[in-house]
Amino acid sequence: MRLLIMGPPGAGKGTQAEFISKEFAIPHVSTGDLFRANLAQGTALGVEAKKYMDAGEYVPDSVTNGMVRDRLKQADALSGFLLDGYPRTVAQVGELDGMLAGKSLDKVIVLTADTNEIVGRLLNRAKEQGRADDTEEVIRRRLEVYNEQTAPLIDLYKSRGLIVEVDGLGSVQEVTSRILSAINL
Ligand code: AMP
């Protein structure tokens, strides 16, 4: 099973992705987590990515695509995965199509949430987890970048018949069961 979860920053993608990947026993491949793991280990890729992440900008494709390509080649991802945070641009969709070599995603889950709710959630997460990219200014920039560069992917995947839209408001459990019944694979 090959799934992608999308939605604005703060919609709860990461939390939901954990549950869904457990449910289907597929690895959760989050580019944000991969960047943060690289940064924690002090790799050159992590140091490079941080410059962009801290500003709420997207990390360049020259860094991002290769990292995803390597991850999807690992044994645990060969029979399926849940992508979280990639692709985020139309160009990355083309890259992913190439990596999948003719295979299609099965579903693209879009978590929807309202902007004010999102900003509140992210400011809360900043307090709890201390993420450097969760200041109000950076949050607003991340939402802008999402709307400009990532939201258009919804129509693109709609034209392929893959989109399932799920309301991201509610308890974690409520949203998980909404997702599971919406993908209904
Ligand atoms: P996330 O944890 O998914 O919110 O990602 C955190 C940050 O990592 C984003 O704000 C971007 O700076 C960077 N990032 C994650 N995924 C991508 C991607 N597919 N392309 C470019 N930058 C990304």
Side-chain angles (χ1 to χ4, degrees), residues 2-21 27-73 77 81-100 105 108-113 115 117-154 156-157 168 172 175 179:
R2 291 176 294 274
L3 299 173
L4 160 63
I5 188 162
M6 292 182 50
K13 294 187 295 291
T15 307
Q16 292 302 328
E18 288 297 329
F19 286 102
I20 299 162
S21 73
H28 170 204
V29 177
S30 154
T31 39
D33 286 353
L34 288 170
F35 287 134
R36 285 183 287 275
N38 269 279
L39 186 61
Q41 289 159 14
T43 70
L45 186 152
V47 172
E48 177 67 12
K50 180 177 164 45
K51 292 192 253 172
Y52 299 91
M53 294 170 81
D54 283 357
E57 305 293 339
Y58 286 169
V59 179
D61 280 1
S62 54
V63 177
T64 309
N65 292 329
M67 181 180 77
V68 175
R69 190 179 294 276
D70 289 346
R71 179 64 189 89
L72 294 186
K73 275 191 204 145
F81 48 77
L82 170 58
L83 279 170
D84 162 10
Y86 184 94
R88 255 178 159 99
T89 62
V90 173
Q92 289 180 2
V93 172
E95 284 292 322
L96 177 64
D97 288 344
M99 292 177 214
L100 295 181
L105 293 171
V108 175
I109 303 153
V110 179
L111 273 187
T112 59
T115 308
E117 169 76 21
I118 285 174
V119 175
R121 278 193 199 186
L122 289 173
L123 287 172
N124 227 2
R125 184 171 77 184
K127 270 190 235 139
E128 286 163 9
Q129 299 178 9
R131 267 179 58 163
D133 58 352
D134 279 341
T135 64
E136 183 149 6
E137 193 194 336
V138 176
I139 289 168
R140 300 234 175 250
R141 179 61 193 149
R142 285 164 64 210
L143 281 167
E144 236 171 58
V145 174
Y146 175 83
N147 287 328
E148 282 164 15
Q149 300 201 45
T150 306
L153 271 55
I154 298 175
L156 193 161
Y157 280 122
V172 171
V175 178
I179 293 175

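Start at 1 and go down the list; that is how both ligands and their atoms are numbered. No hydrogens, no waters, no symmetry mates; every other heavy atom, side chains included, goes into these values.
Among residues two or more places apart in sequence or in another chain, the side chain to side chain donor-acceptor pair (under 3.5 Å) test is passed with R125 by D134. Considering only residues two or more places apart in sequence or on other chains, R2 meets the salt bridge (Lys or Arg N to Asp or Glu O under 4.0 Å) condition with none of them. Applying the side chain to side chain donor-acceptor pair (under 3.5 Å) rule to T43 yields the partners N38; only residues at least two apart in sequence or on another chain are considered.
I20 contributes atom CD1, which lies 6.0 Å from atom CD of Q16 (distance to the nearest 0.5 angstrom). Going from atom CG of L82 over to atom NZ of K13 covers 11.5 Å, rounded to the nearest 0.5 Å.
Residues P87 and Y157 have side chains in contact (heavy-atom distance under 4.5 Å, counting atoms from C-beta outward).
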Sub-3.5 Å pairs, protein N or O with ligand 1 N or O:
from: ligand 1; atom 1: 2 (O); to: R36; atom 2: NH1; distance (Å): 3.0
from: ligand 1; atom 1: 2 (O); to: R36; atom 2: NH2; distance (Å): 2.9
from: ligand 1; atom 1: 3 (O); to: R88; atom 2: NH1; distance (Å): 3.2
from: ligand 1; atom 1: 3 (O); to: R88; atom 2: NH2; distance (Å): 3.1
from: ligand 1; atom 1: 4 (O); to: R88; atom 2: NH2; distance (Å): 3.4
from: ligand 1; atom 1: 12 (O); to: E57; atom 2: O; distance (Å): 2.7
from: ligand 1; atom 1: 16 (N); to: T31; atom 2: OG1; distance (Å): 2.7
from: ligand 1; atom 1: 16 (N); to: G85; atom 2: O; distance (Å): 3.2
from: ligand 1; atom 1: 16 (N); to: R88; atom 2: NH1; distance (Å): 2.8
from: ligand 1; atom 1: 19 (N); to: G85; atom 2: O; distance (Å): 2.8
from: ligand 1; atom 1: 19 (N); to: Q92; atom 2: OE1; distance (Å): 3.0
from: ligand 1; atom 1: 20 (N); to: Q92; atom 2: NE2; distance (Å): 3.0
from: ligand 1; atom 1: 22 (N); to: V59; atom 2: N; distance (Å): 3.0

